[in-house]
Structures are given as structure tokens and as C-alpha cells.
There are 2 protein chains.
Amino acid sequence: MKAFIEPIGRLINKLTKLPGVGAKTAQRYAYSIIDMSDSEVEELANAILSAKREVRYCEICGNFSEEEICPICKTRKSNIICVVKEPKDVIAIEKSDKFNGTYHVLHGTINPLENIGPNDIRIKELLGRLSNGDVEEIILATNPDVEGEATAMYIAKIVKPLGIKVTRLAHGIAVGTDLEYADIGSLSRAIIDRREI
Amino acid sequence: MKAFIEPIGRLINKLTKLPGVGAKTAQRYAYSIIDMSDSEVEELANAILSAKREVRYCEICGNFSEEEICPICKTRKSNIICVVKEPKDVIAIEKSDKFNGTYHVLHGTINPLENIGPNDIRIKELLGRLSNGDVEEIILATNPDVEGEATAMYIAKIVKPLGIKVTRLAHGIAVGTDLEYADIGSLSRAIIDRREI
């Protein structure tokens, strides 16, 4: 006997397209969906469809937006741009409440192994934003991995000659971590980037 | 600045209705949905809607079915009924390939703390199936927890006087587990239920 009847099998199959969802988890989700009320199921399906339909990318910064220009670009006048890899990084920085400037989402990082070069991410668009001379600083907030560092270096090399200050997010021992529990990478970084007090 | 634009916030909210999905996971799922192609998103939403619409319960056994009577009840003639708590238990037993009879899904177990009594689960329907005298054995395959045991005992007490053999799935040390690693519950059960060889 086939394990699942067709509509359940199909739903499980589609749910495994979500990141990190295997067959077991998809099965749990599928059963819970069948157990939901009709209206709950409809709301879930509609939320999926309308998120895909209504979400576009801001023409300036590349972040998620409902309109041509996102609320941050529309309301904040700033001469500091924070450059990030993905829209979710904007959320993370906004949550810190420590940055009040605008963003630039690259939608990727340079990665020769996957054939992603500087022209495949939104670097051109970033340079376009710098051309009017208003921007005084860009903060390179790509991740501290190989691709993130390479991308930061690449952008720094182009932007510095324009007379714009280029900074990088500080990396080091996470706040609240004891020295003995700090991972080697963070500790090395903390030593190299030590600051005078 | 609000963390999420409205369509994304709404999608995240709906996704947290899935079992075990918190805000972080829902956010990951939402972003991956926005990154999918239009057709993939549509297929996902349709799979959700049609699973809810097309899946009903078999009128005999209570398992998921596309039609009035499920394929198992339709094709298997058996005088052994395996009684389980939920449809997913049917899948688990079918995968073992050791049972070729029919099922009866209770859709719950007796649980006084949550006000679920014998009349709230499909026990009446089970007794109805026993009335024609064809059934020779019922296997009580509810879980070995308090509610599962209580439900099994309750059903056994009613069914035994009808002259029908009542059995319970064997519980004990999981196959492949060393004695020293067996949990106390399984080990106690294995000793109590020891069999002569």
C-alpha cells in the first residue's frame, strides 16, 4: 500500500522545498495543515501567494519593499550607507537600534567557486549611489567568512579612492563570552583588531 | 523602523502556526518562499489548499482518504483490525510491512485531564465494526503512555467479552539497543513482558 494518498504526498513533497525541511518534518506540517480549519488553511495559502506577489525590491537599496522605494530609503536622509549581503541582514541591524542610516543590499557575495563575480551582485548600483558626492561613509557589513571578506575588500578598493570613508563591522569575542569559551576565530580576530584604551 | 514589511510579517505570522515553528524558522521559510519562482510558490499554495480540500476521513476506519472508503478498507479483506490513535500511526505500521489487515483510527486517546472521554474518540465506530462477527482479533497499537494504555485497557474490557481476541503491540528494549543504554521504562517493560523461549 502506498504510504500517502496523493494530495498528502504532493503537499509533503512541496513542503520539503522549504530550507531544512526533510520528509519527517514535512509530514508533520502536512498533518497539521489538514487539521487546521478551512479558514486558517486559506489564510496560510493566501499569505504565501501575496507575499510572493506584493514583495519587490527597493530600486535604491535592493531591500524588500512593497513599493518602488522602501520606507527606509524614503524617510531617512543619511550620508552613511551600510552594505549587507541579504535583506535579512537589514532586519538584524535594524533590531540592534544602533544604526540610523540607509542600506545597500548586495544580494550575494563574490564567490569564484560558484561563478559569482562582482557583476553578479549589486556593486554597480552601489557605485551609482556614491556618484553624487553626498555619501561620507560606507560600512561594509558582509559576513566575516571568505566570500564576505573578499567582497568587502573588493568594494573598499574601489570606494576608497573616491575619498569616501570605508569601515567594516567589528568582529571579535561576542559580548558576554568568557575568554576560555571563545572560539579560535573570534579570539584571533579580537587580538588582531585590539584597540587602544 | 518596523522590522518586516506587511506581506512578509503576515506570512511569518501564519507560518508560526505550523508545529514547532518559531519566529526565526518562520522568517527563514518566508524568505525562501519569496526567493522561489512564481510557479513554485503557486504549486506550494495549491498543494496546501488541495490537501485540505481533497483529504477526508474513511467512513469505515477513519484514516485519511480521498474517497468515502479508503484504499486499505476497499482492498483488504481481513479479520484483524489494528487500532491506532492517529492517521500517522497507520503510515508507521504500513512501513513495517508486517501487517496486512485493516485499521481503525481513534483520532485521539482517552484523557480525563483534557476532558476527552470514550465518547469523544471513535470507539463506538469500532464496536460497530465488530458487530457482524467477522473480526477475530484486534491489535491495540496505541502509544505506551498513560493515555494510550488507559484507552487500550478500556477497549479491551469491552471487546474481550464479545469473544474477540485482544492483543497489544509488544513494548520492550528497542532492537539494536544494548542493555546498558536501554531506558528504564523499556527495560522494566521488557522484564515484565518477558517470554519463554
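Order of the sequence lines fixes the chain letters, A, B, ..., with proteins taken first and strands second; residue numbering starts at 1 for each chain.
- For a residue to count as touching a neighbouring chain, one of its non-hydrogen atoms must lie under 4.5 Å from one of that chain's; by this rule B:S37 touches chain A with the backbone only.
- Heavy atoms closer than 4.5 Å to chain A are found in the side chain of B:Q27, but not in its backbone.
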Check step by step if salt bridge (Lys or Arg N to Asp or Glu O under 4.0 Å) holds for B:E94 and B:R76.
CA-CA 13 Å; B:E94 282 294 291; B:R76 291 193 194 160; 2.8 Å; yes
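- Ranked by heavy-atom pairs under 4.5 Å with chain A, the list B:S50, B:P19, B:A45, B:A47 is led by B:P19.
- Inspection of the A:D183 and A:S186 side chains reveals an N or O donor paired with an N or O acceptor under 3.5 Å.
- Heavy-atom distances place both the backbone and the side chain of A:D38 under 4.5 Å from chain B.
- With sequence neighbours left out, B:E114 forms a salt bridge (Lys or Arg N to Asp or Glu O under 4.0 Å) with no residue at all.
- A centroid separation of less than 6.0 Å is found between the aromatic rings of B:Y31 and A:F64.
- Ranked by non-hydrogen atom pairs under 4.5 Å with chain B, the options A:L18, A:I12, A:L15 are led by A:L18.
- Highest contact tally toward chain B, considering only A:D97, A:D35, A:N46, A:I8, is held by A:I8 [criterion: heavy-atom pairs under 4.5 Å].
- Between A:E125 and A:R129 there is no salt bridge, since no side-chain nitrogen of the basic residue lies less than 4.0 Å from a carboxylate oxygen of the acidic one.
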